[in-house]
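The residues of the chain are indexed from 1 along the displayed sequence. Remember, it's 1-based here, ligands and their atoms both numbered in the order they're listed. Please read these numbers as outputs of a predicted model, since none were measured by experiment.
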Amino acid sequence: MREKGLPAEAVLEELKRKLHGDFTFESGRILGSMCTYPHRLARQVYAEFLEKNLGDPGLFPATAEIEREVIQTLGELLSNPHASGNIVTGGTEANVLALWAFKNLRMKNDGEIVVPVSAHCSFDKAASLLGFKIVRVGLNNGFQVDVEAARKAITPKTIALVGIAGTTGLGVVDPIKELSDLALEHNLLLHVDAAFGGFVLPFLKELGYKIPEFDFSLPGVSSITIDPHKMGLAPIPAGGILFRNEELRKAIAWKVSYLAGGEIEQSTFVGTRSGASVIAVWALLHHLGREGYRKIVERCMRVTWKLAEGVKQVDGLDIITKPVTNVVGIKSEDFDIKLIAEKLREKGWAVALFPRYIRIVLMPHIHESHVERFLEDLKKIVKELKG
Ligand SMILES: Cc1ncc(COP(=O)(O)O)c(C=O)c1O
């Protein structure tokens, strides 16, 4: 650390210079991320209420009330206004919390959780932390979990199933209704990871898309992850974990007694946590409303179709599957997809590479003009590879 501090302006200048190498959302070059430029109002609110600490809610009871309202609103969005939960650091923490509750409620000496191969790596982290076994099951032709394979994977040690509503790779939705029936039939808990899809699917449904049931309207669903810092346009960190009822949430409730605001019951992984994030989510839910989110999702889907159609017209390339949400997987029978991804990166496009495809997420910061430029570069790369 330097002995004598620098003036604030000098520090800001230095930071600008140092951070110059980062990608920016405004550039339209970030094509492979599930995060986006936070909404203007959320940035303002976040900065204004930065000191609020929900790790000590006795000091910030009004902020804690705002969190309850946010959870209630998200619960309503997911067909259960009585859901109980928290705004947490992200989808990873939310998924870990759900499985932690399941473990505390059901696991005796050992336990197994049946998870699709398409599930996010946070479930492996949860298994490593919590000491249960993850049993991965395959997918059907639509890249959704194969429900019969899930049924066959159930053993006397199985405590829960996991379904994904908006997969990390392709944004597709597992047959959650069938998983819910399976969970009820075998007395298992069921977690739905809608970290990405939670802020997309309800609005697609309102826009008239045929979206299968995936939320608490299905009686077998015990908990849902829904992340405001993905399609909710909230600043990081803002993940969401919702339990069907208080009893489930209480399975991970800890008494913390040393706090300045007095003893509390905490059901998050972390102690000190951002109240500003939660207030920013509240602000967005009220400012955008369903109509605002519908418009955002509608625009993202328009851009998604434009990309999907454009890719299909490039000789040698195709899409993996028809987009269900605003995610497109680009594959090739003729060329090495890893090489294409490398060449795209050389041209400044931040794309995500999966084992058989390039994943593009058409987040709100991506406009039609960005897609047009991307398609031009993609065509040039394919032409080069053809030689
Ligand atoms: C379906 C799904 N679940 C969970 C996560 C993890 O979320 P986070 O990165 O906020 O921890 C992701 C990340 O992309 C995801 O796609």
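- Within the 4.0 Å heavy-atom criterion, the part of Lys230 lying near ligand 1 is the side chain and not the backbone.
- Between His370 and His365, a ring centre-to-centre spacing not shorter than 6.0 Å is recorded.
- The backbone N or O of Phe216 lies less than 3.5 Å from no partner atom in the side chain of Asn80, so there is not a single donor-acceptor pair.
- Using a 4.0 Å cut-off between heavy atoms, Thr225 makes no contact with ligand 1 at all.
- Ion pairing between a basic and an acidic side chain is recognised when a charged N comes within 4.0 Å of a carboxylate O; Arg17 and Glu14 show such pairing.
- Atom numbering of ligand 1 starts at 1 in the shown order; those under 4.0 Å from a heavy atom of Asn95 are 3 (N), 4 (C).
- Comparing Thr89, Thr92, Asp193, Val96 by heavy-atom distance to atom 1 (C) of ligand 1, the nearest is Asp193.
- Atom numbering of ligand 1 starts at 1 in the shown order; those under 4.0 Å from a heavy atom of Asp227 are 7 (O), 10 (O).
- Cation-pi geometry between Arg43 and Tyr37 is met: the NZ or CZ atom falls under 6.0 Å from the ring centre, inside 45° of the normal.
- For Gly166, the heavy-atom gap to ligand 1 drops under 4.0 angstrom.
- Proximity of a side-chain donor or acceptor of Arg273 to a complementary backbone N or O of Thr89 within less than 3.5 Å is not detected.
- Ligand-side atoms of ligand 1 in range of Thr168: 1 (C), 2 (C), 15 (C), 16 (O), range being under 4.0 angstrom from any heavy atom.
- The protein heavy-atom contact nearest to atom 6 (C) of ligand 1 is His120 CE1, 3.2 Å.
- Within ligand 1, counting atoms from 1 as listed, the ones closer than 4.0 Å to a heavy atom of Ala195 are 2 (C), 3 (N), 4 (C).
- Here the side chain of Arg136 pairs a donor or acceptor atom with the backbone of Val117 at under 3.5 angstrom.
- Side-chain atoms of Gln266 never come within 3.5 Å of backbone atoms of Val256 as a donor-acceptor pair (strictly under, hydrogens ignored).
- Close approach of ligand 1 to His229 is summarised as follows: ligand atoms under 4.0 Å from at least one heavy atom of the residue are 10 (O).
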